[in-house]
There are 2 protein chains.
Amino acid sequence: MPQAEKISFDPHPPVDPRVEMLVNELIGRVADKWTLLVLEELEDHGTCRFTELARLVPGISQKMLTQTLRAMERDGLVHRQVFAVVPPKVEYCLTDLGRSLGEAFCGVWHWAEAHLCEVEGARAAFDARGEGSKSSSVI
Amino acid sequence: MPQAEKISFDPHPPVDPRVEMLVNELIGRVADKWTLLVLEELEDHGTCRFTELARLVPGISQKMLTQTLRAMERDGLVHRQVFAVVPPKVEYCLTDLGRSLGEAFCGVWHWAEAHLCEVEGARAAFDARGEGSKSSSVI
DNA sequence: CGGCATCCTTTACGATACTG
DNA sequence: CAGTATCGTAAAGGATGCCG
């Protein structure tokens with residue numbers, strides 16, 4: 001077991017399959033590549049209307065925005081408030097759960113900051129050789 | 001600015017676009033849903049052969065496994081060692097970078113463990129109402 | 001054994017048009 | 001304004017077969 005530092009428990013042998021599934025679902029959801037961006041904007045701007053979010057998140061389509069927000073709402077990450085006014089008005093904001101998820105991803109964020117150069121270097125080195133041919137270390 | 005707690009620096013206003021791109025790429029990569037599983041198995045078992053991994057990761061196809069391992073190798077997350085023997089033999093193991101990425105995802109992992117019930121509850125509540133109709137809190 | 005190439009099915013996604 | 005519905009394209013992914 002390579003790592004045994006100060007973290008209380010590493011879920012390696014005894015891992016609840018429901019947790020594992022949720023982690024993968026979560027990652028998968030966040031990986032639709034829009035969720036994280038929406039989360040960020042809602043973190044930064046607090047409460048936002050639909051069109052506001054569509055404008056804040058660069059290239060998102062309204063279809064994807066709706067889909068993303070629905071999924072996030074279903075998971076309890078965002079709160080959706082509908083005002084029954086004549087021009088429709090819907091506001092979205094993060095729940096506590098949503099904010100805590102954002103914090104949970106800080107580890108990944110910081111990893112990316114810290115190891116950006118290493119990853120770029122590894123990619124350059126990989127691409128430099130014939131990546132389609134006999135790569136890696138051959139013995 | 002809604003949050004200003006105890007975290008040293010939140011990359012919100014001054015965020016390197018390369019970092020942001022890497023985070024999304026990273027999430028996107030991990031979200032292919034296989035990377036995390038492969039990472040786990042390599043963490044648990046150390047060095048593995050190709051077929052071994054294919055057996056360890058439940059429903060993965062060899063195509064996806066190859067693709068996943070190539071991408072991870074390119075990013076410097078795994079080390080690929082080819083033995084030029086008569087029945088071909090290829091061994092994969094995590095690099096330090098790969099192990100550190102696994103640790104970075106511990107935050108998400110722990111979040112999933114801690115908030116599993118909340119998410120399941122939120123989903124049940126969402127599904128209970130007509131999720132296709134007038135949902136959420138209407139004012 | 002490890003993997004690449006091909007085919008084929010499924011899915012994701014964007015664009016467009018329409019509704020309350 | 002904030003969606004829903006339909007369509008068409010594009011990409012992901014599984015199955016199969018061949019090669020080193």
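Below, chains carry the letters A, B, ... as their sequence lines are ordered, and counting in each starts from 1. The shown structure was predicted, so the numbers you read here are calculated from the model rather than taken from an experiment.
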Starting at [atom1] of [X] and ending at [atom2] of [N], how long is that distance when rounded to a whole Å?
X: B:Leu69; N: C:dC1; atom1: CG; atom2: C1'; value: 14 Å
X: B:Phe83; N: C:dC1; atom1: CZ; atom2: C1'; value: 13 Å
X: B:Trp34; N: D:dG14; atom1: CH2; atom2: C1'; value: 11 Å
X: A:Met64; N: D:dT9; atom1: CE; atom2: P; value: 18 Å
X: B:Arg55; N: C:dC1; atom1: CZ; atom2: P; value: 12 Å
X: B:Ile60; N: D:dA12; atom1: CD1; atom2: P; value: 16 Å
X: A:Leu65; N: C:dA15; atom1: CG; atom2: C1'; value: 16 Å
X: A:Phe50; N: C:dG20; atom1: CZ; atom2: P; value: 18 Å

Among [options], which nucleotide sits nearest the side chain of [X]?
X: A:Gln62; options: C:dA17, C:dG14, C:dG3; value: C:dA17
X: A:Gln67; options: D:dG14, C:dC13, D:dA2; value: C:dC13
X: A:Arg80; options: D:dG14, D:dA2, C:dG3; value: D:dA2

Within the pair [X] and [N], is there a side-chain N or O less than 4.0 Å away from OP1 or OP2?
X: A:Thr51; N: D:dA2; result: yes
X: A:Tyr92; N: D:dG3; result: yes
X: A:Arg49; N: D:dC1; result: no
X: B:Arg70; N: C:dC4; result: yes

Parallel, tilted or perpendicular, as decided by the 30° and 60° cut-offs, for the rings of B:Phe105 and A:Phe105: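 If you compare the ring of A:Phe105 with that of B:Phe105, the planes turn out perpendicular.
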A:Ser100 to A:Leu97 - nearest heavy-atom pair and separation: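 Heavy atoms only, the tightest pair is OG-O, 2.7 Å.
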Closest approach of A:Leu56 to A:Cys48 (non-hydrogen atoms, all atoms of both residues):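 For A:Leu56 versus A:Cys48, the nearest heavy atoms are CD1-SG, 4.0 Å.
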Closest-nucleotide ordering on DNA chain D, the 5'-leading residue of A:Thr66 and A:Lys63: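 Its nearest nucleotide lies further toward 5', so the answer is A:Thr66.
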NE2 on B:His110 to NE2 on B:His115, rounded to 0.5 Å: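 One finds 12.0 Å between NE2 of B:His115 and NE2 of B:His110.
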5' precedence on DNA chain C between A:Pro87 and B:Pro87 (nearest-nucleotide basis):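 Between the two, 5'-proximity favours B:Pro87.
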Which residue lies more 5' along DNA chain C, comparing A:Pro88 with A:Ser61 via nearest heavy atoms: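 Result of the comparison: A:Ser61.
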Verify same cluster id: B:Leu65, B:Val78 (apolar side-chain graph, 4.5 Å):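 Yes; B:Val78 is reachable from B:Leu65 via cluster members.
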